[in-house]
Amino acid sequence: MFDIAKLRNIGIAAHIDSGKTTLSERILYYTGKIHQVVEVRSKTGAGPTMDSMDLEREKGITIQSAATYCEWKNYQINLIDTPGHIDFTVEVERALRVLDGAILVLCGVAGVQSQSITVDRQMRRYAVPRIAFINKVDRAGANPDKVVAQLEEKLHLKPVLLTMPIGIEDSFEGVIDLIKMKAVYYLGNNGEIVEERDIPEHLLDEAQRRRTIMIERIADFNDNIAEKYLAEEEISEDEIRSAIRQATLSLHLTPVFVGTAKQNKGVQTLLDGVCHYLPAPTDVKNFALDLDKNEEKVELIADPKSPTVALAFKLEDGRYGQLTYMRIYQGKIAKGDNLINTSNKKKLKVPRLVRMHASEMHDIEEAQAGDIIAMFGVDCSSGDTFTDGSVNFAMTSMHIPTPVVELSVAPKEKSMQANFSKAMNRFQKEDPTFQVYRDEDTGETVIKGMGELHLEIYIERIRREYNCEVVVGKPKVAYREAITHRAEFNYTHKKQTGGAGQFARVAGYIEPIEAEANKEFEFLNKIVGGVIAKEYIPACEKGFAEQLTDGYLIEKPIVGVRVELNDGQMHPVDSSEMAFKTAAKMAIREAVAKANPIILEPIMKLETSAPEEFQGTIIGQINQRRGIIINTTIENNYAIVEAEVPLRDMFGYSNDLRGATQGKGEFTMEFLKYAPVPKSVQDEIIKEYQEIKKKN
């Protein structure tokens, strides 16, 4: 019988190269889901189970989040392995949106890195309880205590170490379980035999000291433990576990485990931790918006008897058509059931229901609240909500990051146009951060994404999956425009033809919205006395919004603008929605010219690391690229430089960095904010834009 209290929906998230996919692979091996272990960079070309795309295996990185399920000690675990590379951050975003808990994987040597901070921010956005796994403690320079300190300093978590290493670096043998006060060893060829022994004599004092720290940490959040600790009474294992679970679910504590996935040590203890401390679907509050009651918030109940509510959180084009991943929040779904997509009101009969094991499918007859499943033949978009029709709910949408890099693309041969269009449509549906538009001036198809690697992967996928060679232009920056001053407008649109004419007058002002480039447009209707009829106001708003998508300097969207409409005039015969929309557009065009428009560029958060002797070179390269150094640290003879750099100056950085550091330098980069470009650069951008316009 399915027991929802023993279900765990978890994700594995981390900075690139922390060992997430290796950890997923070991979890599948120990839970009996796979029968041999394959390394991420395996010479056989087989590649790990969870990296099922050829590109993932070649590059040794995870591109798409992969879902699987397994069982551990009567617990059922739905597991999603997410990408670590910042360009694929939407994959992490959508996984965390539907998961109840997460494992934050950290490298025992590098500790908390830039992407760990991003992942932590995403976990906080969806209030996801997490446990941390300090991986690679067998590597030279590993220091779990330093990583625990960074969890507190950099991520502001309250970490509590539940296992400590027996030996460190190449003498790492196993872990000490600080709750059971037992030494745990992982024997056999692949660490599959877990053996508990007494703690080695020389580590007893340290284990005792660490256990005391652990109990003090828990006592801060649990009165029962605090009383027993102060009274020096015995505290049972169950009491400690229950207290840690409560504190983890309420996001007060983060249990920390140590180990090495590659050397097969510490993974089973981590799995026990997943079952003990991460939430079941019933422990987490999920909300929907009731569309019949003005989007009133409704709490969903993880109960199979309640009306069905499910969220499509990821789409994939499989061998049998579109595969839609769904999380069921309430009710149940069986083969043959009728569902309604609340975003477009389309009905759907459930054709085939499967549980995913990476790229393999296992058919099932039904699934219920709390489960993560997939189905075929469903025409929907990522983020659509499905119900059984008895309720009209929508789940809140995911946070979609801003794409910042653009590329013009075209099929090499005319005959490939159909395949090219198919690829564009599919990838846009699958990935909300991959956007396509047509440049009206040049007639080119332009794709937008999160970074060079993001777009490179999609271009490669068009070639491989659609057998379509692509001609690619140079990467371009997705600029924005903004205004810096308030400007009044008072525009009258008059057109007299034979029949009814067009007449509309709009007046008001535009002004910048401070420090909110993310807030693109705000409209204030301050019309009094009916000088503009109510039915024409939406047309005015539409006209303002449309004109702001087409900027004044380089025709890029103008963001951070508040428009107030406070006066106007209409004609009893000649006024119409069309006339007011046109008047609004022309009014904005005139007002923007007076409001001192500027160009905004994407600023990236850059973290570069290389051996210490190259520190000066790295800093020099960043300065040349208009970068501002934020922080420099030295760890294990490696210099880590954090900076903020304009994206415009970052193209080709990877080759320059590799060349200057004998191939030893690495970097990660993510979008941080939009900021005004310096005057000299603005003039350059406008000149480039005008030259392109002349050519066309």
Side-chain angles (χ1 to χ4, degrees), residues 3-10 27 30-31 70-77 79 99-104 127-134 144 148 151 157-166 174-186 194-199 207-259 265-284 370:
D3 179 2
I4 196 167
K6 293 206 160 178
L7 174 64
R8 298 288 178 269
N9 289 318
I10 63 161
I27 287 175
Y30 296 130
T31 54
C70 54
E71 275 184 37
W72 179 251
K73 298 184 179 175
N74 296 327
Y75 282 82
Q76 188 181 315
I77 298 171
L79 174 74
L99 292 170
D100 302 322
I103 301 172
L104 175 63
V128 177
R130 84 288 303 261
I131 58 180
F133 181 62
I134 301 174
V148 170
L151 282 169
L157 297 173
K158 291 273 185 290
V160 53
L161 200 61
L162 303 187
T163 61
M164 65 171 259
I166 300 172
V175 304
I176 291 172
D177 182 329
L178 297 172
I179 297 176
K180 287 183 178 175
M181 283 304 273
K182 287 282 184 193
V184 186
Y185 295 91
Y186 307 87
V194 180
E195 199 176 275
E196 287 186 3
R197 301 181 198 158
D198 288 336
I199 296 171
Q208 217 46 73
R209 181 179 66 80
R210 287 181 183 275
R211 181 186 163 88
T212 304
I213 293 169
M214 173 188 81
I215 289 176
E216 283 172 355
R217 267 257 130 129
I218 303 164
D220 287 345
F221 300 100
N222 189 291
D223 294 343
N224 175 38
I225 300 279
E227 281 166 26
K228 287 200 163 188
Y229 173 65
L230 292 170
E232 294 185 7
E233 286 176 34
E234 191 58 42
I235 306 169
S236 72
E237 279 179 34
D238 286 347
E239 284 175 310
I240 293 174
R241 287 218 172 93
S242 161
I244 295 172
R245 181 177 175 76
Q246 282 169 5
T248 306
L249 298 189
S250 58
L251 306 180
H252 289 314
L253 280 185
T254 302
V256 182
F257 296 83
V258 298
K265 293 181 176 78
V267 179
Q268 294 95 319
T269 314
L270 175 71
L271 273 169
D272 290 341
V274 165
C275 302
H276 288 315
Y277 310 120
L278 287 182
T282 44
D283 295 321
V284 177

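What you see is a predicted model, and the numbers here were worked out from it, not measured in a lab. The residues of the chain are indexed from 1 along the displayed sequence.
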- Task: Would you check if T31 and E71 make a side-chain contact, meaning some heavy-atom pair closer than 4.5 Å?
- Result: no
- Task: Taking the six-membered ring of Y75 (Phe, Tyr or Trp), confirm whether the NZ or CZ of R8 is under 6.0 Å from its centre and within 45° of its axis.
- Result: no
- Item | Straight-line distance of I199 CD1 to L178 CG, nearest 0.5 Å | 7.5 Å
- Message: Apply side chain to side chain contact (heavy atoms under 4.5 Å, CB included) to residues R210 and I176 and explain how you reach the verdict.
- Response: CA-CA 10 Å; R210 287 181 183 275; I176 291 172; over 6 Å; no
- Note on the structure: When rounded to the nearest 0.5 Å, the distance separating CD1 of I4 from CD of Q76 is 10.5 Å
- Summary of salt bridge (Lys or Arg N to Asp or Glu O under 4.0 Å) pairs that have at least one residue in residues 272-284, sequence neighbours excluded: K73-D272, R245-D283
- Between atom CD1 of I103 and atom CD1 of I131, what is the distance when rounded to the nearest 0.5 Å? 5.0 Å
- Message: A side-chain contact here means heavy atoms from C-beta on lying under 4.5 Å apart; do V267 and Y186 qualify?
- Response: no
- Backbone of D238 reached by a side-chain donor or acceptor of S242 within 3.5 Å: no
- Return the set of residues passing side-chain contact (heavy atoms from CB on, under 4.5 Å) with V284 (not counting sequence neighbours), or none when no residue passes. D100, P279, N286
- Report the residues that fulfil side-chain contact (heavy atoms from CB on, under 4.5 Å) with D220, sequence neighbours left out, ordered by chain and then residue number. none
- Name all residues meeting the side chain to side chain donor-acceptor pair (under 3.5 Å) criterion together with R211; count only those two or more places apart in sequence or in a different chain, and write none if there are none. none
- Under the side chain to side chain contact (heavy atoms under 4.5 Å, CB included) rule, what do L162 and Y277 come out as? Steps first, then yes or no, please. CA-CA 11 Å; L162 303 187; Y277 310 120; 3.5 Å; yes
- Query: Does any non-hydrogen side-chain atom of P159 lie less than 4.5 Å from one of R217?
  - Reply: yes
- Query: Measuring from Q208:CD to T212:OG1, what's the distance to the nearest 0.5 Å?
  - Reply: 6.0 Å
- Query: What residues, two or more places apart in sequence or in another chain, satisfy side-chain contact (heavy atoms from CB on, under 4.5 Å) together with E233?
  - Reply: K228, A231
- Task: Please report the closest heavy-atom contact between I166 and A183, naming both atoms and the distance.
- Result: CD1-CB, 3.8 Å
- Closest non-hydrogen atom pair between P281 and N9, with its separation: CG-ND2, 4.0 Å
May I have the list of side-chain donor-acceptor pairs in residues 246-259 shorter than 3.5 Å, sequence neighbours left out?
from	atom 1	to	atom 2	distance (Å)
T248	OG1	I244	O	2.7
S250	OG	Q246	O	2.9
S250	OG	A247	O	3.3

- Message: With rounding to the nearest 0.5 angstrom, report the OG1 to CG distance, T163 to L161.
- Response: 6.0 Å
- Query: Should I134 and V148 count as side-chain neighbours, where that means a heavy-atom distance under 4.5 Å?
  - Reply: yes
- Query: Are I27 and C70 close enough that some pair of their side-chain heavy atoms sits under 4.5 Å apart?
  - Reply: yes
- Message: Nearest 0.5 angstrom please: H276 NE2 to I179 CD1, how far?
- Response: 7.5 Å
- Item | Student check: side-chain heavy atoms of F133 and L104 closer than 4.5 Å | no
